[in-house]
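The structure appears right after this line, and notes come after that.
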There are 2 protein chains.
Amino acid sequence: MAAVRTIGRLAREAGVSVETVRYYERQGLIDQPLRGGGPRHYDDRALAMLRYIRVAQSFGLTLREIHSLRGALGTGRDFCVSLRRLVEARLEAIAVKEAELRALTAELTAFLARCRERPADLPCPVVEELASLTTASAAARSARAA
Amino acid sequence: MAAVRTIGRLAREAGVSVETVRYYERQGLIDQPLRGGGPRHYDDRALAMLRYIRVAQSFGLTLREIHSLRGALGTGRDFCVSLRRLVEARLEAIAVKEAELRALTAELTAFLARCRERPADLPCPVVEELASLTTASAAARSARAA
DNA sequence: ATAGCCGCCGTACTAAGGTACGGAGTCAAG
DNA sequence: CTTGACTCCGTACCTTAGTACGGCGGCTAT
């Protein structure tokens, strides 16, 4: 017979830490294991559940979302629909994020270009913008120090 | 003469909350304002600094990074170089992030396609994968309830 | 029999960037 | 003279996904 799967063994098999398993249990993400006052011991479902959580996480779902799917887990089609909706929402969020990053890339690239185009003896636009307040600040510091 | 710029007025002008200004002061991001035991009052430098922080944040710099730049703020070219390095590092990080998001998009899209291609009476791959443990789980719950 | 690992438990801590709270003091207007 | 707006301060709390800690008990190999 196979050795009893304790929390440490389960964690190793699933590639997570013991603390993570305990954490998931507290969050209601995995079933409370059966145990008669003693150590927890886990069956294959627990292992499958941990693996599933990692897949869902790799899809970008939060633990909260994964938890919200648990209610539908027993109900085949509902679960499918719920999961699909979450994944679709996730795709939209990613598209937004990607657009933001593209815009940011454009902005930063343009900034660097402006920065590099300047003659070596002239500072970046940002420095120029801050120049007055910077020197004023330095002057004020000197005055206070004196 | 202009009214004294208190923390509330400064916060409104910069578009942040009073608490945020206090927080930045605690973090050493903006100069301690002069005050004789009474309320803080701020000059234009403080306002410019807040605006600069927001610009730097919009560039994706963390407050920690912004703080690390403060040392170079008074030294024109050093500041310029430091800022450029941070922005370049940021651009690289963004490129990595974008690649990750593209890969994730591809994976999720493929998943949804697989999901949708299936006949209406068959569940998603994920559901299929979980089917055994789901029904086993449901059976176990029924058994415990009975 | 003792060292060392494993399990148990609750609680506190991390990053980042603030937000919220509660009590007290100050100021001007009605 | 009171109301309301504003300020002061320290401290606690929020999000997410865990990590870390400390103390205690039990199993087992040496």
Side-chain angles (χ1 to χ4, degrees), chain A residues 2-30 32-42 46 49-70 86 89-90 93-94 97, chain B residues 1-30 32-42 46 49-70 86 89-90 93-94 97 100:
Chain A
V4 171
R5 181 149 48 204
T6 62
I7 192 169
R9 202 155 101 76
L10 172 69
R12 272 193 300 279
E13 283 174 358
V16 300
S17 76
V18 168
E19 301 298 325
T20 299
V21 175
R22 292 214 316 125
Y23 176 71
Y24 286 175
E25 264 173 40
R26 281 201 299 270
Q27 302 301 317
L29 283 164
I30 56 183
Q32 290 297 124
L34 293 172
R35 51 185 166 144
R40 303 158 169 93
H41 46 98
Y42 300 85
M49 194 63 199
L50 278 181
R51 291 211 226 268
Y52 155 66
I53 289 172
R54 286 170 77 73
V55 169
Q57 276 190 308
S58 80
F59 277 15
L61 301 190
T62 64
L63 293 185
R64 186 180 295 265
E65 287 169 331
I66 294 168
H67 185 259
S68 77
L69 280 178
R70 261 182 77 73
L86 279 182
R90 196 69 210 160
I94 290 171
K97 193 77 192 165
Chain B
M1 54 192 131
V4 171
R5 180 148 51 206
T6 62
I7 193 170
R9 201 156 101 77
L10 172 69
R12 272 193 300 279
E13 283 174 358
V16 301
S17 77
V18 168
E19 302 299 325
T20 299
V21 176
R22 291 215 316 125
Y23 176 70
Y24 286 175
E25 265 173 39
R26 280 201 298 270
Q27 301 302 315
L29 284 165
I30 56 184
Q32 290 296 126
L34 294 172
R35 51 184 166 143
R40 302 157 168 93
H41 46 98
Y42 300 86
M49 194 63 198
L50 278 181
R51 292 211 225 270
Y52 155 67
I53 290 172
R54 285 171 80 71
V55 169
Q57 275 190 307
S58 80
F59 276 15
L61 301 189
T62 65
L63 293 185
R64 186 178 296 265
E65 286 169 330
I66 294 168
H67 184 258
S68 77
L69 280 179
R70 261 181 76 74
L86 278 182
R90 196 67 209 160
I94 288 170
K97 193 76 192 166
E100 284 173 7

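Between B/T20 and C/dT19 there is a side-chain polar atom (N or O) within less than 4.0 angstrom of OP1 or OP2. Checking the phosphate oxygens (OP1, OP2) of D/dT19, a side-chain nitrogen or oxygen of A/S17 falls inside 4.0 Å.
Distance CD1 (A/I7) to C1' (D/dG25): 16 Å, rounded to an integer number of Å. In this entry the distance linking CD of B/E25 with C1' of C/dG18 reads 15 Å, nearest Å. Across the protein-nucleic acid pair, A/L63 atom CG and D/dG18 atom C1' stand 9 Å apart, rounded to whole Å. Protein atom NE2 of B/H67 is 15 Å distant from nucleotide atom C1' of C/dA16, rounded to whole Å. Across the protein-nucleic acid pair, A/L61 atom CG and D/dT16 atom P stand 14 Å apart, rounded to whole Å. Regarding A/L10, its CG atom lies at a distance of 14 Å from the C1' atom of C/dG7, rounded to whole Å. The nearest whole Å value for the distance from the CZ atom in A/R26 to the P atom in C/dC9 is 10 Å. C/dC27 atom P lies 13 Å from atom NE2 of B/H41, rounded to whole Å.
The nearest heavy atom of DNA chain C to B/R54 and to A/R40 marks one nucleotide each, and the one closer to the 5' end goes with A/R40. For the pair B/R12 and B/E19, both in contact range of DNA chain D, the more 5′-proximal nearest nucleotide belongs to B/R12.
Nearest nucleotide to the A/Y23 side chain, out of D/dT19, D/dT7, C/dG17: D/dT19. Out of D/dC8, D/dC6, D/dA17, the shortest distance to the side chain of B/T6 is found at D/dC6. In the set D/dC9, D/dT7, C/dG18, D/dC9 carries the atom at the smallest distance from any side-chain atom of B/R35. The side chain of B/R64 sits closest to C/dA16 out of D/dT7, D/dT19, C/dA16.
Classification of B/E25 and B/R40 as a salt-bridged pair holds, one side-chain N sitting under 4.0 Å from a carboxylate O. For the pair B/E65 and B/R90, the salt-bridge criterion is not met [side-chain N within less than 4.0 Å of a carboxylate O].
A/R5 contributes no side-chain N or O that, together with a main-chain N or O of A/A46, makes up a donor-acceptor pair within less than 3.5 Å.
Between the side chain of B/R22 and the base of D/dG10, at least one donor-acceptor pair of N or O atoms lies under 3.5 Å.
Counting any heavy atom pair closer than 4.0 Å across all strands shown, A/Q27 reaches no nucleic acid atom.
For A/R64, the CZ atom is loosely surrounded, since the number of other residues' heavy atoms within 6.0 Å does not exceed 12.
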**Request:** Go through A/Y23 and A/L63 one step at a time and tell me if the side-chain contact (heavy atoms from CB on, under 4.5 Å) criterion holds.
**Result:** CA-CA 11 Å; A/Y23 176 71; A/L63 293 185; 3.8 Å; yes
